[in-house]
Undergrad: 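Take a look at this one; I'll ask things after.
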Amino acid sequence: MLQVSYIRENRDKVLERLAVKNFKQPDLVDEIIQLDDSRRQTQVKLDNTSAEANSAAKQIGELMRNGKKEEAETIKAKTGVWKEDIKKYNDELAIIEDSLYQKLVLLPNLPHSSVPKGITPEENEVVLQNGTIPQLPANALPHWELAAKYKLIDFELGVKITGAGFPVYTNKGAKLQRALINFFIDEAEKAGYKEVSVPLMVNEASGFGTGQLPDKEGQMYFVTEDNLYLIPTAEVPITNLYRDVILKADELPVKNCGHTPCFRREAGSYGAHVRGLNRLHQFDKVEIVQVVNPETSYDVLEQMSLHVQSLLQKLGLHYRVLRLCGGDMSFGSALTYDMETWSAAQQRWLEVSSVSNFETFQSNRLKLRFRNAEGKTQLAHTLNGSALALPRIVATLLENNQTEKGIKVPEVLVPYTRFEWID
RNA sequence: GGAGAGGUGUCUGAGUGGUCGAAAGAGCACGCCUGGAAAGUGUGUAUACGCCAAAAGUGUAUCGAGGGUUCGAAUCCCUCCCUCUCCGCCA
């Protein structure tokens with residue numbers, strides 16, 4: 001959520017930046033400013049009337065104590081009008097604030113100046129491509145066939161006990177999951193992230209804090225009985241750890257990592273590209289989250305991007321880094337890098353990580369502040385990224401490492417899997 | 001799930017209708033004291049939204065959340081949320 005004061009002071013810039021994100025309702029900006037104007041006017045009226053009523057109440061108290069009952073009654077008689085006005089202004093204010101809020105949550109975050117213009121994924125900018133695209137023999141298998149061949153994943157069994165998109169990992173497939181999770185966590189800890197283990201369900205306030213609510217409820221599983229949402233990513237609980245928190249300057253940067261399963265309804269996605277592990281309702285992911293001083297957030301974003309890249313390099317995966325164009329970015333992000341690995345058997349890129357700087361978009365909702373050098377409270381910047389999401393990593397590992405002998409496990413993973421070959 | 005108790009500032013904790021944004025203590029910050037520290041001592045120590053060109057200042061709101069009663073609510077009433085204790089159930 002953008003700050004109203006920022007919108008007021010930077011109206012033209014806001015409009016210009018929103019255009020980069022292909023925002024369709026630029027009129028909202030002026031509507032918000034107008035609503036804020038009337039909010040202020042109403043508040044002045046309310047405050048002034050309340051001040052009069054408060055001081056009258058004080059006088060009455062004093063008079064009563066001194067036994068001057070009649071004088072007190074005289075003043076009391078005058079309070080009725082104030083009371084009515086206060087109620088009226090309060091109601092007005094509540095209505096104004098509500099419609100201000102309703103409009104404010106419709107505004108996406110402003111994209112960073114480096115974000116390319118564009119609407120479709122094709123317009124994302126390739127920042128770098130690592131190495132050459134791996135070539136596989138013509139008879140190379142896609143991962144879902146490899147998973148069946150080596151009995152790593154049982155999709156049918158998942159359908160039986162839950163439904164499509166909930167695979168059952170078996171044998172070395174299950175071991176590989178656990179190995180990857182531990183590898184990613186260990187690497188994150190080496191990079192200075194503190195591991196946390198968080199709830200997999202969150203309340204509405206948390207959903208709001210990171211920007212999933214309102215609006216994206218359709219993408220989350222919801223437990224109606226207890227009003228809880230299954231997390232779509234660990235970003236939600238980990239970032240919300242710092243909701244309503246004022247950090248000391250020396251507590252920044254906060255660096256947390258954690259592994260969780262992620263649950264996504266993925267309503268409306270069908271077709272060939274969702275086959276196998278490409279798109280699931282439940283998958284495992286290690287997430288890295290930082291809360292930082294705004295001055296450093298773009299340096300931190302680069303560091304996080306490099307951390308993710310180092311994981312891909314260690315796993316020996318061919319990848320590229322994209323800077324998302326305005327139209328392809330998420331609602332709350334100011335700058336996002338996507339990492340994609342090349343699926344040689346599917347002959348296409350698979351998104352395996354997304355690293356974003358949210359600037360104050362989340363912290364404004366979270367009321368996540370820190371005390372700056374002047375001792376004043378200031379909104380912190382939040383960032384997060386997948387490091388990494390498992391299924392597509394597994395998919396490309398299986399596909400790209402397939403040989404006549406079986407599937408070669410990357411060397412860095414062997415201490416975790418305790419086997420070198422899947423065969 | 002049943003019964004009871006309770007939610008006050010960074011923490012402990014007082015406060016049952018007015019002088020309460022809130023006693024006291026602890027913590028923390030700064031100063032004094034000290035060779036240095038401890039002890040002692042003094043001062044300060046919530047957040048948000050406004051007004052003001054800005055600082056100073058000042059108004060309003062906030063004692064779990066929301067509503068109500070009242071001239072006036074931390075205090076009384078209602079609803080909800082949460083915590084603790086006992087019982088039940090249970091990985």
Side-chain angles (χ1 to χ4, degrees), chain A residues 1-9 32-105 197 199-209 213 222-229 237 240-252 254 261 360 362-380:
Chain A
M1 193 160 63
L2 298 176
Q3 295 169 85
V4 180
S5 57
Y6 182 87
I7 296 173
R8 291 183 75 95
E9 286 158 28
I32 284 168
I33 293 173
Q34 277 163 25
L35 276 171
D36 190 52
D37 281 338
S38 51
R39 191 203 104 232
R40 285 169 189 234
Q41 285 164 20
T42 307
Q43 198 187 325
V44 169
K45 286 191 270 185
L46 173 64
D47 285 359
N48 290 342
T49 313
S50 301
E52 287 185 81
N54 284 347
S55 80
K58 247 177 211 167
Q59 278 181 48
I60 292 170
E62 219 161 299
L63 292 168
M64 296 291 260
R65 235 174 301 118
N66 297 330
K68 297 177 182 168
K69 209 169 170 212
E70 275 172 38
E71 280 181 60
E73 290 299 331
T74 319
I75 300 176
K76 229 191 238 190
K78 290 194 285 188
T79 58
V81 186
W82 291 326
K83 237 187 147 182
E84 270 173 43
D85 283 351
I86 288 171
K87 177 144 181 54
K88 188 180 77 187
Y89 294 142
N90 240 324
D91 291 347
E92 271 179 40
L93 193 63
I95 291 167
I96 293 169
E97 281 179 341
D98 183 63
S99 65
L100 180 60
Y101 165 83
Q102 295 298 339
K103 291 185 194 293
L104 212 47
V105 295
S197 181
L200 306 183
M201 294 192 216
V202 293
N203 56 28
E204 194 181 333
S206 294
F208 174 78
L213 299 174
F222 182 55
V223 182
T224 50
E225 190 75 18
D226 296 297
N227 277 305
L228 296 172
Y229 295 86
N240 272 281
L241 256 23
Y242 301 93
R243 172 152 48 84
D244 292 320
V245 165
I246 300 175
L247 293 159
K248 297 189 187 110
D250 63 9
E251 289 176 299
L252 297 177
V254 170
T360 59
Q362 291 182 329
S363 60
N364 189 34
R365 294 168 161 239
L366 294 160
K367 301 204 193 328
L368 197 191
R369 292 153 292 175
F370 71 103
R371 221 168 274 288
N372 63 22
E374 290 87 56
K376 297 227 165 104
T377 57
Q378 186 183 339
L379 293 174

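Every chain is numbered from 1, with letters handed out A, B, ... down the list of sequences.
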Undergrad: Rounded off to whole Å, could you give me the CD1-to-P distance for the A:I86 and B:A73 pair?
TA: 10 Å
Undergrad: Does any residue of residues 35-51 of chain A have a heavy atom under 4.0 Å from RNA chain B, and if so, which ones, in number order?
TA: A:R39, A:R40, A:Q43, A:V44, A:D47, A:S50, A:A51
Undergrad: May I ask which nucleotide in the shown strands pairs with B:A29, Watson-Crick or G-U wobble, both distances under 3.5 Å?
TA: B:U43
Undergrad: Has the side chain of A:N240 got a donor or acceptor atom that lies under 3.5 Å from a matching backbone atom of A:S206?
TA: yes
Undergrad: I need the A:N54 CG to A:D47 CG distance, nearest 0.5 Å.
TA: 10.0 Å
Undergrad: Provide, to the nearest angstrom, the distance between the NZ atom belonging to A:K78 and the P atom belonging to B:U70.
TA: 20 Å
Undergrad: What is the separation between atom CD on A:E52 and atom P on B:U58, rounded to the nearest whole Å?
TA: 19 Å
Undergrad: Once you apply the 3.5 Å cut-off to both distances, tell me the Watson-Crick or G-U wobble partner of B:U85, or none.
TA: B:A3
Undergrad: Near RNA chain B, which residues from residues 365-376 of chain A have a heavy atom under 4.0 Å away?
TA: A:R369, A:R371
Undergrad: When rounded to the nearest Å, what value does the distance between P atoms of B:G15 and B:G31 take?
TA: 37 Å
Undergrad: Are A:K83 and B:G72 close enough that a side-chain N or O sits under 4.0 Å from OP1 or OP2?
TA: yes
Undergrad: Counting Watson-Crick and G-U wobble pairs only, both distances under 3.5 Å, name the nucleotide matched with B:C71, or none.
TA: B:G18
Undergrad: Measure OH/A:Y89 against P/B:A61 and give the value in whole Å, please.
TA: 15 Å
Undergrad: Hey, which of these two, A:E97 or A:K87, hits RNA chain B nearer its 5' end, going by closest nucleotide?
TA: A:E97
Undergrad: Taking the P atom in each of B:G18 and B:U75, what is the distance between them to the nearest angstrom?
TA: 12 Å
Undergrad: Examine distances only and state if a side-chain atom of A:T74 and a backbone atom of A:E70 form a donor-acceptor pair shorter than 3.5 Å.
TA: yes
Undergrad: Write down the distance separating the C1' atoms in B:U47 and B:U43, rounded off to the nearest Å.
TA: 23 Å
Undergrad: Over all heavy atoms of both residues, which pair between A:S363 and A:A380 is shortest? Give the atoms and the distance, please.
TA: OG-O, 2.6 Å
Undergrad: Sequence neighbours excluded and cut-off under 3.5 Å, please list the side-chain donor-acceptor pairs for residues 84-105 of chain A, or say none.
TA:
from	atom 1	to	atom 2	distance (Å)
A:S99	OG	A:I95	O	3.4
A:S99	OG	A:I96	O	3.3
A:K103	NZ	A:E31	OE1	2.9

Undergrad: For B:U60, take OP1 and OP2 only and decide whether either is under 4.0 Å from a side-chain N or O of A:N54.
TA: yes
Undergrad: Expressed as a whole number of Å, how far does the C1' atom of B:U45 sit from that of B:A22?
TA: 15 Å
Undergrad: Any idea which heavy atoms bring A:Y242 and A:L247 closest together, and the distance?
TA: CD2-CD2, 4.5 Å
Undergrad: Expressed in angstrom and rounded to an integer, what is the separation of A:N90 atom CG from B:G66 atom C1'?
TA: 13 Å
Undergrad: Given that both distances must come in under 3.5 Å, which nucleotide forms a Watson-Crick or G-U wobble pair with B:U79?
TA: B:A65
Undergrad: For A:D226 and A:M201, run side-chain contact (heavy atoms from CB on, under 4.5 Å): C-alpha distance rounded to whole Å, both residues' side-chain angles, the deciding distance at 0.1 Å, then the answer.
TA: CA-CA 10 Å; A:D226 296 297; A:M201 294 192 216; over 6 Å; no
Undergrad: Quick check: closest heavy atoms across A:N364 and A:M1, and the distance to 0.1 Å?
TA: ND2-O, 3.0 Å
Undergrad: Considering Watson-Crick and G-U wobble pairs with both distances under 3.5 Å, what does B:A24 pair with?
TA: B:U12
Undergrad: Before you tell me yes or no, could you show the steps for A:L379 and A:F370 under side-chain contact (heavy atoms from CB on, under 4.5 Å), namely the whole-Å CA-CA distance, both residues' side-chain angles and the distance that decides it to 0.1 Å?
TA: CA-CA 6 Å; A:L379 293 174; A:F370 71 103; over 6 Å; no
Undergrad: When you compare B:C71 with B:A53, how far apart are their C1' atoms, in angstrom units rounded to a whole number?
TA: 38 Å
Undergrad: Please give the nucleotide sitting opposite B:C52 as a Watson-Crick or G-U wobble pair, both distances under 3.5 Å, or none.
TA: none
Undergrad: Determine the Euclidean distance between corresponding P atoms of B:C63 and B:C11; express it in Å to zero decimal places.
TA: 15 Å
Undergrad: With respect to the phosphate group of B:A48, does any side-chain polar atom (N or O) of A:T377 fall under 4.0 Å of OP1 or OP2?
TA: yes
Undergrad: Look through every strand shown and name the nucleotide pairing with B:A37 as Watson-Crick or G-U wobble, where both distances are under 3.5 Å.
TA: none
Undergrad: Taking A:F208's backbone N and O only, do any of them form a donor-acceptor pair with A:R365's side chain (distance below 3.5 Å, no angle check)?
TA: yes
Undergrad: When rounded to the nearest 0.5 angstrom, what is the spacing between OG1 in A:T42 and CG in A:D37?
TA: 10.5 Å
Undergrad: Between B:A14 and B:A74, how far apart are the C1' atoms? Round to whole Å, please.
TA: 12 Å
Undergrad: Using the P atom in both, what is the distance from B:A24 to B:C78, to the nearest Å?
TA: 33 Å
